[in-house]
Amino acid sequence: MKQVFVSVPGPWWTRLLYLHDTPIKLGVRVLVPLGRSTRVGLTVAAEGIPVENNSIKLKPITKIIDSVPPIPEELMKTMEWFSNTWFSGLGIASKVMFPTKFLDGEELCPLTEYEKNNPDNYRVNYIYEENDAKRYERYAEIAKSSSAGTMFLFSEADSAKKFWNLLPSGLKEEGIIWPTGATKQWTQWKEARNGNVKFIVGSQSAAFVPLKGLSRIIIEDENSGGWLTQKNPCFHHRSVLAARAKFSNAELILGGRIASSKAFMQNSECGKEKKDIQKRLIFVNLHDSSSFTVDAVKDSLPISKPLIRETLTCRENSKWAFWILDRKGYAGELYCRDCGEPLRCSHCVGVMRWEGKQKRLSCLSCKHHIPIPEKCPSCGGPFLEGVRPGLEALTERASLILRYKYKEVLLFQNESGKLPSCKSLIKDYPRGALVVGTRKILALTDELPTGMIGWIDADAEARITEYDAKARAFALLYESFWRGMDPERRKIVIQSRRPDRGWQKGLTRGWSYFWKTELKERKEWNLPPYSPMLKMVMPKGTGIDFAKLLDKESLEYWAAEESSDEIWVRTRKFSIIKKYLAPYFDIKNTRRGFPVTRLYLD
Ligand SMILES: [Zn+2]
Ligand SMILES: [Zn+2]
């Protein structure tokens, strides 16, 4: 009898051991008994992993599903790499990368031999171009001239659709737009695997399709946060796709409006940016601009003369104007003027936002809401006052300022983040409108003829505490110059306390200037992309013991203030961390739960 290692989709790292009377090829699907039922898994190599105790009586494999490996070698290698780099087991990696029907053991015709790419074919190229339409044209040129398998991957499904619609119909017959829905995806997955598809246009869900003859992977908007998953397992699509390009000797093309920190670190000559945005950029210093008082709120709203002037000009030309502020509701908080206490959530002590229209306070942490109290719950004082006016107050003010000329002021701030369709907006407001909302409304510039975008408080966009706050704020403001239709004619008004200073300097000097300054700082502090940061949330009560293991290796780590089970490490020594984490990911710990890891590479 031969011993066979099998990886079954599941959160553990353990490779399970079974018996079979003859050797089985690696990378084929097998049906195995597990607990009281049977599961489909992949046969895998044994090295460097926790193995089940040999004293347990081994069970035989129930059935071999594939005669030859059903997945091309490059994807199997990508799966191994995924698992090693992103602190996940092979089981999770396979679940992320392959369709459910595949892992259910549905039958497939044997994979015919792929013609392998010459190793010289692997290279990294860059397409940085601010104007979306021009950049998409360059991708379309690639689609027209390509003779072999190409993947066009977009950070948002809507962008993929938009690019697809630009392609001539003759060309569309050779490729596919990656469908939504498991059934359609499974059909197309098999078509691509069998070599009936020349190119794929899609987003994250198309990243691991076994496209026969794959020789080029294009990652559009590579700097987008959308490539890093929000849910468990945490992984960055760009990083896994870069590995896939290497394993398949495919050309990797990184594209977008601006480079990511990682791409810029690897090649600071990677792109030429446009620097002629000065004539449409208006910086306003909040210290010497006009501000308006808001009813029952302590702080005033900064609405400068240039902002009003540009909004009026924009509306005179029947274009759409946007005012962006990162604060929903009527005011950020409500507090008592007598005792100075802010009103806190009675359930969780969280910060409560004042939502004016509904006349209520709403907890930002637990969503609990209460009607606005008559007096202070702490001291009974009758004077309650808001602080930091929000979007509702801003909309009210905007309507007052514009009321004699333009009545169309729209507020979009609903929790679901769903925006009305541009088609319906154009139908309802053929002469445009002023839209007020959070950064989410930038998506509307894709299809609405935009005349101006105003950042009410640009500093606030960078006020989060994460290490990449400035980079995110910069990319966001930069995006407002370029996203959507006819961007080169729109004006951008930036209200700030430090206009054209700090991270904002890059707006007038270009994104390579921004990255040079930012990366210098990150290097000094040893932050990503120079040193990866790993966050581990250990199973309840195990954090302290795990930290002791890190002490032993003299690794630099720190625990979160709120919980000793949340541990951060800054290290390149992934193999050591893996060694210590492995026992926590043993299948025997299923009941206790497994650690949750999050890795920041750039
Ligand atoms: Zn009070
Ligand atoms: Zn609460």
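Both counts, for ligands and for their atoms, begin at 1 and track the order of listing.
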*Measure the shortest side-chain to side-chain distance between Phe514 and Trp503 over non-hydrogen atoms and say whether it is less than 4.5 angstrom.*
yes
- Indicate yes or no: does Lys298 engage Glu385 in a salt bridge with an N to O separation below 4.0 Å. no
> If you measure from the Lys or Arg side-chain nitrogens to the Asp or Glu carboxylate oxygens, is any gap between Lys573 and Glu553 under 4.0 Å?
Replying inline: no
- prompt: With a cut-off of 2.8 Å, does any N, O or S atom of Cys366 fall short of it relative to the Zn ion (ligand 2)?
  reply: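 It does: Cys366 brings an N, O or S atom closer than 2.8 Å to the Zn ion (ligand 2).
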Angle subtended at the Zn ion (ligand 2) by Cys348 SG and Cys345 SG, rounded to 10 degrees
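Taking the Zn ion (ligand 2) as the apex, I get 110° for this pair.
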Where the Zn ion (ligand 1) is the centre, what is the SG-to-SG angle for Cys336 and Cys376, rounded to 10°?
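The two atoms form an angle at the metal of about 110°.
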Practice problem: Check the side chains of Glu466 and Tyr600 for a donor-acceptor pair under 3.5 angstrom, ignoring hydrogens and angles. | Solution: no
